[in-house]
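Below: one structure, written as structure tokens.
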Amino acid sequence: MNKEKVKVTVYGAEVKCASCVNAPGSKETYEWLQAAIARKYDDNAISYQYFDIHTSDQEDADGDLIDRLLEEELFYPLVVVEGQIVGEGNPRLKSVYKALEANGLQAAPDS
């Protein structure tokens, strides 16, 4: 099977957003998502990217999403699966899993 990997992208910042004071930071959320997804799915079928919304000229980053985050239309950390927003602020695993499965991934038999 030579299928493209499902792309999971997290947009965030070092500083927590004002309404996310009690939530984990963006980097922690990114690392937590990778660990949680790896326990349930074949990690070789997924690629991960993290973009800091305050860093310019990041290859493959969605400038429109970054602008919306900077203008506070969206909350970070923002989780995107294959271009679709699946969580913002404090993302839910259930939503992320649903998006992964909609993109063809199946839970590992032992999860």
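Computed from heavy atoms alone, side chains included, the values below leave out hydrogens, waters and symmetry copies. Just so it is clear, the structure is predicted and the values come from calculations on it, not from any experiment.
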request  = Apply side-chain contact (heavy atoms from CB on, under 4.5 Å) to Ile85 and Val79, showing your working.
outcome  = CA-CA 6 Å; Ile85 296 171; Val79 181; over 6 Å; no

request  = Please assess Val80 against Val8 for the test side-chain contact (heavy atoms from CB on, under 4.5 Å), listing each intermediate value before the final yes or no.
outcome  = CA-CA 6 Å; Val80 179; Val8 176; over 6 Å; no

task = Test Leu70 against His54 for side-chain contact (heavy atoms from CB on, under 4.5 Å), laying out the working first.
result = CA-CA 8 Å; Leu70 290 171; His54 298 296; 3.6 Å; yes

task = Apply side-chain contact (heavy atoms from CB on, under 4.5 Å) to Leu105 and Asp42, showing your working.
result = CA-CA 8 Å; Leu105 288 185; Asp42 175 8; over 6 Å; no

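Looking at Tyr48 and Ile37, their side chains come closer than 4.5 Å, going by heavy atoms from C-beta outward. Within the 4.5 Å cutoff, the side chain of Val86 has no heavy atoms near those of the Tyr97 side chain. A 4.5 Å side-chain heavy-atom check between Val81 and Lys7 finds every atom pair outside the cut-off.
Scanning both residues, Lys27 and Tyr50, for their nearest heavy atoms gives NZ-CD2, 3.6 Å. Nearest heavy-atom pair across Leu78 and Glu88 is CD1-CB, 3.5 Å. When all heavy atoms of Ser26 and Val10 are compared, the closest pair comes out as O-CG1, 4.4 Å. Contact detail for Glu82 and Lys5: the closest heavy-atom pair is OE2-O, 3.5 Å.
In this structure, Tyr76 has its ring center no closer than 6.0 Å to that of Tyr11.
Rounding to the nearest 0.5 Å places CD of Gln58 at 5.5 Å from CD1 of Ile66. The CD atom of Gln84 sits 9.5 Å away from the NZ atom of Lys98 when rounded to the nearest 0.5 Å. Expressed to the nearest 0.5 Å, how far NZ of Lys40 lies from CD of Gln106 amounts to 11.5 Å. Note: Thr29 OG1 to Asn90 CG = 6.5 Å, rounded to the nearest 0.5 Å. For the atom pair CG of Leu69 and CD of Glu73, the computed distance is 9.0 Å after rounding to the nearest 0.5 Å.
Applying the 6.0 Å contact sphere to CD of Glu101 captures more than 12 heavy atoms from other residues, nucleotides or ligands.
Tested against Glu14, the residues Thr55, Ile53, Asp52 include a single side chain to side chain contact (heavy atoms under 4.5 Å, CB included) partner, Asp52.
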